[in-house]
Engineer: 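Below: one structure in structure tokens.
In what follows, every chain begins at residue 1, and chains take the letters A, B, ... in the order their sequences are listed.
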Amino acid sequence: MKAKVINILQKALKEKKIKLKKEEIEKLVEVPPSIEMGDYAFPCFFLAEKLRQEPRQIALEVREKIRKFPLTDFDDVQTKGPYINFFLDRKGLARKVVWEAITQKKNYGRSDAGKRKKIIFDMSHPNIAKPFGVGHLRSTIIGNSLANICEFRGFKPVKLNYLGDWGTQFGKVIFGFTKFGSEKKLHKDPIKHLFSVYVKANKKTYEKKSREWFKKLEQRDKKALMLWKVFSELSLNEFEKIYKILGVKFDVYARESEAVRDSKKIIQELKARNLLKKSEGAQIVDLKKHNLGVCIIEKTDGTTTYALRDIVSAIKRYKQYKFVRMVYEVGQEQKLYFKQIFKVLELMGYKWAKNCVHVDHGLYLDKDGKKFATRKGKTIFMEDILDNTISLAKKEIKKREPKMPKTKLEERALKIAIAAIFYGDLKNNRSNNMVFDIKRFVAFEGDTGPYILYSYARASSILKKTTNQDKFKILELEEKEFELVKKLSLFSEVVEDALKHWNPSLIANYSYHLAQLFNEFYHTCPVIGSKEEAFRLALVEAFRQTLKNAMKLLGIEVLEKM
RNA sequence: GCGCCUGUAGCUCAGUCUGGAUUAGAGCGCUUCCCUCCUAAGGAAGAAGUCGUAGGUUCGAAUCCUACCAGGCGCGCCA
């Protein structure tokens, strides 16, 4: 429809001796703030200077030109001040939009996966022996949603969980366990125990010991390796429980430790390219020329760094997947770090380095507005968030259906809780920091996941109450109906934008507004038994289908009943 | 000290990339109203804003530029 508006404008402007390219017009055409001002608008300010005329006069004249053309797709073209306002053929648009929305489910999830271009999502990366915190949650949820969006747009996403299972911190954990640990506690609650042991060991007085243990690990010392393996297995088990609850699946698990094997080779490669430099005892790549500081490749004691392991992994992944994009879904505090990594890869001559992106996210801050310092033992455990949210959901369900059987209750409460958590996270612009407040996190009213699920369930409920299969004809179109239709028509545009900006919050916000319009619609317009029943049913179904797809993109499952 | 990000209603945030139309929008909280009506996890109405401050660019600035103020994060052997 926008194309038609642009076409007609181009023709009309040509008659006024103004030649503009379609792209130029497209940039100027806008959607007015209210539907009383039409569906598309074209502002004439910029012509004022050229034509030495008042913008509103220009608008009037251009409108006259437009009115001479046959206007089959428009109800009207008006001017208001310096704007030319296009009123679409609303019934026609409604017919088209509703029809497309109802049938769009067929286009989702085609099976040409083999031919699709691959996009890697390096996401979640929890650290072995450390709690799965609210920070990992963000990476997991956002990465998951972006992968869904890519798939919807015809790419093949590869969700890769890069486990943090290597580094000096493991020296700390192993040392801490040998000094403060207990087998019994380890098996009872592995992560909490390992974490407490780690916090105890994370002191200056033990630093030397910890480094020794990490060095032993890199030299493949038997005892160190054995403990590390046990810790890894136990931690991974715990993480998988959480992923199962969240409903997030990975295509691949990768490990930092795997990268160590090839690290020597990459160091040779760096040397051959003359990039490596010894400085203060460590091997570094100097990036000061590029305003990026220095990137440490190998520590003074000869052990590998996070950076080296990431570089090794990236190279390996390109060989394996030939990705068109590799997205690192990691917190914004690592912005500089990723710039360094990408620069080093570029300097090594890897052209694909420009296809690596750091899609950062803001941090959860505590009530004082400070970062949660995991290393100091301050963190939010994912289990606590889940428990809190699920039990609140149960309470709410019981209020409404006190006799619901237990298994059904558990299942529904879980879905509602997940919707609350996912939506609560994704509605925020991903790069902003946010204050973590459990109360807000598990809220069920207003702009929340449950609100959207509720709207969906209402739509389902209406459809369930009827057997009407009539083909619809549109006799009259109410304001609320048309607003809903217009919103529905914007869905694919929003998804495209979300991908362009790597930002699921656009879809979350869209979903909320869509649900809001639907709620307003069914409060004003009775569906069943109305004159317009067939059309309204189709509209409800169109809404339902679109919202379901939107939720799927966010990683949220809808409920037929609330 | 340098770099990046943020500053919009009491609170939490959309809107800022790509400057425009009336009254700068939501949600929470607060004040009212609506279940004989397709699920009240809902809807309607109201109070509440120097869009951090000061300049500048522009016919037009929450949106672009500059300076300043406040907060967050990052800046060599953590990941």
Side-chain angles (χ1 to χ4, degrees), chain A residues 27-28 30 32-34 36-37 41 43 45-46 48-49 54-55 80-83 85 125 127 130 164 166-169 172 202 211 256 279-284 291-301 303 305-307 309-310 330-337 339 360 362-363 365 369-371 374-375 393 396-397 399-401 416 420 427-429 431-435 437 439-440 443-455 457-466 500-501 505-506 508-509 512-513 515-516 519-520 522-524 526-530 536 540 561-562:
Chain A
K27 273 189 187 167
L28 290 161
E30 50 189 83
S34 141
E36 290 140 43
M37 300 165 189
F45 301 100
F46 78 107
E49 212 176 328
E54 252 194 88
K80 193 172 181 189
Y83 286 88
N85 295 336
H125 28 77
N127 295 319
K130 278 197 191 172
W166 209 251
T168 313
Q169 55 163 341
K172 289 177 184 172
N202 193 19
R211 284 191 186 284
E256 272 192 63
S279 163
E280 297 171 34
Q283 295 287 347
I284 64 154
N291 254 330
L292 296 171
V294 300
C295 181
I296 299 178
I297 299 294
E298 196 181 77
K299 289 181 254 180
T300 308
D301 64 2
T303 54
T305 60
Y306 179 50
R309 297 193 289 273
D310 252 342
V330 183
Q332 52 115 328
E333 74 271 32
Q334 298 194 34
K335 255 182 166 167
L336 175 63
Y337 167 76
K339 277 187 191 160
D360 66 326
L363 308 169
L365 307 174
K370 301 271 187 219
K371 185 182 169 182
T374 318
R375 282 172 223 159
E396 293 293 321
I397 295 168
K399 264 194 227 165
R400 296 166 177 85
E401 280 186 67
I416 292 171
K427 77 172 176 179
N428 293 92
N429 193 329
S431 53
N432 292 351
N433 289 344
M434 37 211 229
V435 175
D437 177 353
K439 270 189 208 148
R440 206 181 307 279
F444 286 176
E445 273 163 35
D447 185 5
T448 64
Y451 173 92
I452 292 175
L453 290 190
Y454 175 77
S455 312
R458 289 295 299 264
S460 293
S461 157
I462 291 172
L463 294 174
K464 227 174 277 170
K465 289 208 158 79
T466 175
K500 188 173 149 201
H501 298 284
S505 77
L506 298 174
N509 288 331
Y512 176 64
H513 293 302
Q516 226 174 9
N519 287 339
E520 287 169 23
Y522 77 66
H523 272 278
T524 355
V527 176
I528 294 169
S530 70
R536 285 184 183 164
V540 171
K561 253 183 133 179
M562 280 280 274

Engineer: For A:Lys339, which contact category applies under a 4.0 Å heavy-atom criterion: base, sugar-phosphate, or nothing?
Structural biologist: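 If one applies the 4.0 Å heavy-atom cut-off, A:Lys339 turns out to touch nothing in the nucleic acid.
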Engineer: Quick check on B:A79: is either OP1 or OP2 less than 4.0 Å from any side-chain nitrogen or oxygen of A:Thr168?
Structural biologist: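 Answer yes for this pair, as a side-chain N or O of A:Thr168 is under 4.0 Å from OP1 or OP2.
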Engineer: Heavy atoms under 4.0 Å, any strand shown: does A:His501 hit a base, just sugar-phosphate, or nothing?
Structural biologist: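 It contacts base atoms.
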Engineer: Please report the distance separating the P of B:U18 from the corresponding atom of B:A79, rounded so that it comes out in whole Å.
Structural biologist: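 38 Å, rounded to whole Å.
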Engineer: According to the Watson-Crick and G-U wobble definitions, with both distances under 3.5 Å, which nucleotide is paired to B:C13?
Structural biologist: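 Its partner is B:G25.
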Engineer: Is A:Gly81 touching bases, backbone alone, or none of the nucleic acid, heavy atoms closer than 4.0 Å?
Structural biologist: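 Answer is nothing: A:Gly81 stays at 4.0 Å or more from every strand.
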Engineer: For A:Leu453, report the nucleic acid contact type (base, sugar-phosphate, nothing); a contact means any heavy atom under 4.0 Å.
Structural biologist: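 It contacts nothing in the nucleic acid.
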Engineer: If you look at every strand shown and take non-hydrogen atoms under 4.0 Å, does A:Asn85 touch a base, only sugar-phosphate, or nothing?
Structural biologist: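 Base, at least one base heavy atom under 4.0 Å.
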Engineer: May I have the distance from A:Phe444 (atom CZ) to B:C28 (atom P), rounded to whole angstrom?
Structural biologist: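 Rounded to whole Å, this separation is 14 Å.
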Engineer: Check every atom of B:A21, B:A41, B:A79 against the side chain of A:Tyr306 and return the nucleotide holding the closest atom.
Structural biologist: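 Nearest listed nucleotide: B:A79.
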Engineer: Provide the distance between the two P atoms, one in B:G76 and one in B:U57, to the nearest whole Å.
Structural biologist: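 One P to the other, the span is 41 Å.
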Engineer: Could you tell me how far apart A:Tyr337 (OH) and B:C5 (P) are, to the nearest whole angstrom?
Structural biologist: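 After rounding, the gap between these two atoms is 21 Å.
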Engineer: May I ask which nucleotide in the shown strands pairs with B:C51, Watson-Crick or G-U wobble, both distances under 3.5 Å?
Structural biologist: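 B:C51 is unpaired by these criteria.
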Engineer: My understanding is that a pair needs two contacts under 3.5 Å, Watson-Crick or G-U wobble. By that rule, which nucleotide pairs with B:G74?
Structural biologist: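 B:C2 - that is the nucleotide pairing with B:G74, both distances being under 3.5 Å.
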Engineer: So what does A:Glu36 touch, heavy atoms closer than 4.0 Å: a base, only the sugar-phosphate, or nothing?
Structural biologist: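 The residue A:Glu36 makes no contact with any strand.
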Engineer: Indicate, with a heavy-atom threshold strictly under 4.0 Å, whether A:Gln169 touches base, sugar-phosphate, or nothing.
Structural biologist: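 Touches sugar-phosphate only.
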Engineer: Take a 6.0 Å sphere around NZ of A:Lys561 and say whether it holds more than 12 heavy atoms from other residues, nucleotides or ligands.
Structural biologist: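 Check fails, neighbour count at 12 or below.
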Engineer: What's the closest nucleotide to the side chain of A:Met562 if the choices are B:G74, B:U39, B:A79?
Structural biologist: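 Among the listed nucleotides, the one closest to the side chain of A:Met562 is B:U39.
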Engineer: In whole angstrom, what separates A:Arg440's CZ from B:A14's P?
Structural biologist: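 A:Arg440 atom CZ is separated from B:A14 atom P by 13 Å.
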Engineer: Rounded to whole angstroms, how far apart are NZ on A:Lys172 and C1' on B:C77?
Structural biologist: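 Checked: the NZ to C1' distance equals 12 Å.
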Engineer: Have a look at A:Ser279 and say if it touches a base, only the backbone sugar-phosphate, or nothing, with a 4.0 Å heavy-atom cut-off.
Structural biologist: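 Contact class for A:Ser279: base.
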Engineer: Provide, to the nearest angstrom, the distance between the CD atom belonging to A:Gln334 and the C1' atom belonging to B:C73.
Structural biologist: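 These atoms are roughly 12 Å apart.
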Engineer: Ignoring the backbone of A:Ala282, work out which of B:C77, B:A21, B:G43 is nearest its side chain.
Structural biologist: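 My answer, after comparing the listed nucleotides, is B:C77.
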Engineer: Base, sugar-phosphate, or nothing: which does A:Asp301 touch, judged by heavy atoms less than 4.0 Å apart?
Structural biologist: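 Since no nucleic acid heavy atom lies under 4.0 Å of A:Asp301, the category is nothing.
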Engineer: Just call it for A:Pro43: base, sugar-phosphate, or nothing, with non-hydrogen atoms closer than 4.0 Å on any strand.
Structural biologist: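 Here A:Pro43 touches no strand at all.
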Engineer: Indicate whether OP1 or OP2 belonging to B:G43 is found under 4.0 Å from a side-chain N or O atom of A:Asn519.
Structural biologist: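 It does, given that an N or O in the side chain of A:Asn519 lies less than 4.0 Å from OP1 or OP2 of B:G43.
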Engineer: Which listed nucleotide (B:A41, B:G76, B:C75) is nearest to the side chain of A:Glu396?
Structural biologist: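 The nucleotide sitting nearest to the side chain is B:A41.
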Engineer: Between atom CG in A:Asn202 and atom C1' in B:A79, what is the gap in whole Å?
Structural biologist: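 Rounding to the nearest Å, CG of A:Asn202 and C1' of B:A79 are 12 Å apart.
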Engineer: Quick one: which of B:G15, B:C17, B:G74 gets closest to the side chain of A:Asn429?
Structural biologist: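 Of the options given, the side chain of A:Asn429 lies nearest B:G15.
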Engineer: Look at all strands and tell whether A:Ala443 reaches a base, only sugar-phosphate, or nothing, counting heavy atoms closer than 4.0 Å.
Structural biologist: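 Nothing: the residue A:Ala443, judged by heavy atoms under 4.0 Å, touches no strand.
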Engineer: Can a side chain N or O of A:Lys465 be found less than 4.0 Å away from OP1 or OP2 on B:U39?
Structural biologist: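 Yes, A:Lys465 has a side-chain N/O under 4.0 Å of OP1/OP2 on B:U39.
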Engineer: Tell me the partner of B:C37, counting only Watson-Crick (N1-N3 plus N6-O4 or O6-N4) or G-U wobble (N1-O2 and O6-N3) with both under 3.5 Å; none if nothing fits.
Structural biologist: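 B:C37 is paired with nothing.
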Engineer: A:Lys464 near the nucleic acid: base, sugar-phosphate alone, or nothing, with a heavy-atom cut-off under 4.0 Å?
Structural biologist: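 Nothing, no nucleic acid heavy atom in range.
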Engineer: Any side-chain N or O of A:Asn432 under 4.0 Å from OP1/OP2 of B:A14?
Structural biologist: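 So the side chain of A:Asn432 is within the cut-off, an N or O lying under 4.0 Å from OP1 or OP2 of B:A14.
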Engineer: Is any side-chain nitrogen or oxygen of A:Lys299 closer than 4.0 Å to OP1 or OP2 of B:A79?
Structural biologist: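 Checking B:A79 against A:Lys299, a side-chain N or O does come within under 4.0 Å of OP1 or OP2.
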Engineer: Which nucleotide in the set B:G27, B:A41, B:G76 lies at the smallest distance from any side-chain heavy atom of A:Gln516?
Structural biologist: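 My answer, after comparing the listed nucleotides, is B:G27.
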Engineer: For A:Ser461 and B:C38, is the shortest distance between a side-chain N/O and OP1 or OP2 below 4.0 Å?
Structural biologist: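 Result: no.
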Engineer: What's the closest nucleotide to the A:Pro33 side chain, out of B:C38, B:G76, B:U22?
Structural biologist: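 Between B:C38, B:G76, B:U22, the one nearest the side chain of A:Pro33 would be B:U22.
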Engineer: Is there ring stacking between A:Phe45 and B:G60, where the centres must be under 5.5 angstrom apart and the planes under 30 degrees?
Structural biologist: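 Taking the rule of under 5.5 Å and under 30°, the ring of A:Phe45 does not stack on B:G60.
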Engineer: Please work out if A:Asn127 contacts a base, only the sugar-phosphate, or nothing of the nucleic acid, heavy-atom cut-off 4.0 Å.
Structural biologist: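 If one applies the 4.0 Å heavy-atom cut-off, A:Asn127 turns out to touch the sugar-phosphate alone, with no base involved.
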Engineer: Taking pairing as Watson-Crick or G-U wobble with both contacts under 3.5 Å, can you name the mate of B:U57, or confirm there isn't one?
Structural biologist: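 Result: none.
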Engineer: Please state whether the base of B:G43 and the side chain of A:Thr524 form at least one donor-acceptor pair under 3.5 Å?
Structural biologist: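 Such a pair does not exist between side chain and base.
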Engineer: Looking only at atom C1', what distance separates B:U8 and B:G27, rounded to whole Å?
Structural biologist: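 Those two atoms are separated by 15 Å.
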Engineer: How many whole angstroms separate atom OH of A:Tyr512 from atom P of B:U12?
Structural biologist: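 Going from OH in A:Tyr512 over to P in B:U12 covers 18 Å.
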Engineer: Between B:G42, B:C75, B:C73, spot the one nearest the side chain of A:Gln332, thanks.
Structural biologist: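 Of the candidates, B:C73 comes closest.
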Engineer: Measuring from the side chain of A:Ile397 (C-beta onward, heavy atoms only), which nucleotide among B:U39, B:A41, B:G74 has the closest atom?
Structural biologist: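 Nearest to the side-chain atoms of A:Ile397, counting from C-beta on, is B:A41.
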Engineer: Using only modelled atom types and a 3.5 angstrom limit, is any donor from either the side chain of A:Arg400 or the base of B:A41 paired with an acceptor on the other?
Structural biologist: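 Looking at the base of B:A41, it does pair with a donor or acceptor on the side chain of A:Arg400 (distance under 3.5 Å).
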Engineer: Given B:G76, B:A21, B:G72, identify the nucleotide with an atom nearest to the side chain of A:Asn433.
Structural biologist: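 Of the candidates, B:G72 comes closest.
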Engineer: Using a heavy-atom cut-off of under 4.0 Å over every strand shown, decide if A:Ile297 touches base, sugar-phosphate, or nothing.
Structural biologist: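 Result for A:Ile297 = nothing.
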Engineer: Which of parallel (below 30°), tilted (30 to 60°) and perpendicular (above 60°) describes A:Tyr306 and A:Tyr337?
Structural biologist: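 A:Tyr306 and A:Tyr337: parallel rings.
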Engineer: A:Met434 has an atom CE; how far is it from atom P of B:U6, in whole Å?
Structural biologist: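 Rounding to the nearest Å, CE of A:Met434 and P of B:U6 are 15 Å apart.
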